[in-house]
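Please read the structure below before turning to the comments.
Each ligand, and each atom within it, is numbered from 1 in the order the structure gives. Residue indices begin at 1 and follow the sequence shown.
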Amino acid sequence: KKLGKDRYEVFEPTMQEAFQAHIALEADLRRAVVRHEFELRYQPIVRLQTNEITGVEALIRWNHPERGIVPPMDFIPLAEETGMIVPIGEWVLREATSRVAEWNARRSGPPLSVSVNLSAVQLEQAALIQTVESALTDAGLPPAQLVLELTESLLVDHRPATLHRLNGLKALGVRLAIDDFGTGYSSLAYLRRFPVDIIKIDKSFVDDVVDEPTAAALTHGIIQLGRALQLSTVAEGIEHAGQLTSLAGGNCEMGQGYYFAEPLTDTALNGLLFPSD
Ligand code: C2E
Ligand code: MG
Ligand code: MG
Ligand code: MG
């Protein structure tokens with residue numbers, strides 16, 4: 001009050017507006033779940049030595065009736081907060097596994113794998129194991145072709161049930177990846193405890209791998225760490241040929257990024273996989 005009345009008049013409407021926008025978004029999101037307003041994009045993951053596509057990462061988009069395509073960062077946090085990520089995440093799993101199983105049935109080469117991002121809230125559900133198992137069965141996708149991506153913070157701030165749940169997922173035969181590796185704190189201790197198969201090197205390292213010696217040393221160190229632990233390494237966010245040269249030269253196994261392909265609609269990816277269609 002000492003600051004004067006004006007402060008309140010400036011501050012209050014902003015708070016009010018933010019609150020109302022939040023409520024409106026939440027109502028929209030509930031409707032989106034019922035009306036199936038979500039879509040997936042598929043970004044190719046490429047073997048750096050040969051340029052062959054080994055798999056795709058499924059990335060969600062919300063096709064909002066008025067706002068158009070909404071990126072995940074604008075609604076995943078709210079979906080997590082409200083628990084709506086559980087049905088949304090189940091839809092992602094079912095859609096991604098069945099689409100990739102269809103592509104694999106038509107392909108002559110080695111089968112593609114599909115990577116699906118999991119949120120901490122999904123991992124808290126005991127039913128997650130059955131959800132994943134039934135998505136795989138219904139899609140007809142072998143478990144080894146599914147990669148579940150987890151963030152570092154999920155493993156660092158883990159709950160007692162996390163290890164149990166991850167072991168349950170591993171027992172199904174799916175693979176586990178650590179997403180955005182290197183951006184959390186204490187990235188190393190949990191590598192002893194959790195049954196991880198793949199490290200995804202965060203884009204922030206890849207961004208500077210050509211111009212900044214420290215980023216290059218860290219990136220190449222992560223690749224060697226992965227190798228020593230017999231984990232696959234995937235570099236995220238490769239945009240230029242110079243980054244590819246540095247990463248491939250350092251024996252990074254795989255990569256993804258706009259240099260190879262942006263996240264593509266299923267129709268566009270279909271065209272890439274089956275050009276004669
Ligand atoms: P992520 O899993 O680390 O996905 C990589 C993000 O980097 C994607 O952003 C992708 O479009 C973007 N990207 C890929 N290559 C490049 C590049 O060369 N340059 C640049 N600038 N960006 C690149 P997107 O699709 O906006 O997704 C953002 C995040 O949202 C994801 O990060 C993931 O954490 C989350 N997310 C996406 N789909 C899902 C989902 O189905 N469930 C959950 N729980 N989270 C999801
Ligand atoms: Mg990811
Ligand atoms: Mg990532
Ligand atoms: Mg990310």
Side-chain angles (χ1 to χ4, degrees), residues 29 32-33 36-46 48 53 55-63 69-97 99-100 113-125 128 131-132 135 146-155 175-184 187 196-210 219 222 232-244 247 254-266 268-269:
L29 195 55
V33 174
H36 307 288
E37 292 173 1
F38 301 106
E39 297 175 4
L40 291 182
R41 298 289 182 268
Y42 299 91
Q43 187 176 37
I45 298 175
V46 173
L48 297 185
I53 300 178
V56 292
E57 179 173 4
L59 295 158
I60 197 169
R61 303 287 181 265
W62 176 8
N63 191 359
I69 298 291
V70 183
M73 281 318 169
D74 291 355
F75 68 92
I76 292 288
L78 181 63
E80 289 176 335
E81 211 178 287
T82 54
M84 280 186 272
I85 193 67
V86 173
I88 295 171
E90 178 167 0
W91 176 82
V92 173
L93 273 165
R94 290 189 164 276
E95 178 75 13
T97 52
R99 190 50 44 98
V100 170
S113 60
V114 61
S115 302
V116 170
N117 295 283
L118 277 194
S119 114
V121 179
Q122 290 172 275
L123 215 63
E124 283 165 20
Q125 316 290 312
L128 177 67
T131 302
V132 171
L146 177 63
V147 175
L148 298 173
E149 298 195 357
L150 317 158
T151 61
E152 248 175 355
S153 57
L154 189 154
L155 299 178
R175 286 177 292 158
L176 303 180
I178 302 178
D179 208 347
D180 307 340
F181 187 85
T183 55
S187 344
V196 169
D197 305 281
I198 299 162
I199 291 176
K200 297 193 74 173
I201 305 168
D202 191 64
K203 179 179 184 299
S204 58
F205 295 98
V206 175
D207 281 345
D208 297 329
V209 76
V210 174
T219 304
I222 295 169
S232 290
T233 44
V234 182
E236 299 194 87
I238 301 175
E239 294 179 345
H240 309 291
Q243 294 167 322
L244 171 59
L247 291 159
M254 291 185 283
Q256 66 186 99
Y258 297 170
Y259 177 74
F260 301 108
E262 287 184 24
L264 302 170
T265 61
D266 53 0
L269 191 72

Legend entry - Among S115, A96, P72, A261, closest by any non-hydrogen atom to atom 30 (O) of ligand 1: P72
Can you tell me if [X] contacts ligand 1 (heavy atom of the residue under 4.0 Å from the ligand)?
X    : value
E236 : yes
G237 : yes
K203 : yes
P263 : yes
E80  : no

Inset, instruction - Measuring from the Mg ion (ligand 3), name the closest N, O or S atom belonging to E236. - result: OE1
Legend entry - Identity of the N, O or S atom of D180 lying closest to the Mg ion (ligand 3): OD1
Inset, instruction - For the residue pair N63 and E37, confirm or rule out a side-chain donor-acceptor distance under 3.5 Å. - result: no
Applying a heavy-atom cut-off of 4.0 Å, say which part of [X] lies close to ligand 1: side chain, backbone, both or neither.
X    : value
M73  : side chain
K200 : neither
L40  : neither

Test of proximity, [X] against ligand 1: N or O pairs below 3.5 Å:
X    : result
Q122 : no
R61  : yes
I60  : yes
Q256 : no

For ligand 1, which atoms, with element, lie under 4.0 Å from some heavy atom of [X]?
X    : result
G257 : 15 (N), 18 (O)
E239 : 17 (C), 18 (O), 19 (N), 20 (C), 21 (N)
V92  : 41 (O)
S119 : 44 (N)

Inset, instruction - Using 2.8 Å as a strict upper limit, say whether an N, O or S atom of D202 approaches the Mg ion (ligand 3) that closely. - result: no
Inset, instruction - Take Q256 and E57, measure what side chain to side chain donor-acceptor pair (under 3.5 Å) needs, and give me the verdict at the end. - result: CA-CA 9 Å; Q256 66 186 99; E57 179 173 4; 3.0 Å; yes
Legend entry - Shortest-distance N, O or S atom of E149 relative to the Mg ion (ligand 2): OE1
Using a cut-off of strictly less than 2.8 Å, determine whether [X] has an N/O/S atom near the Mg ion (ligand 2).
X    : value
S115 : no
D179 : yes
E57  : yes

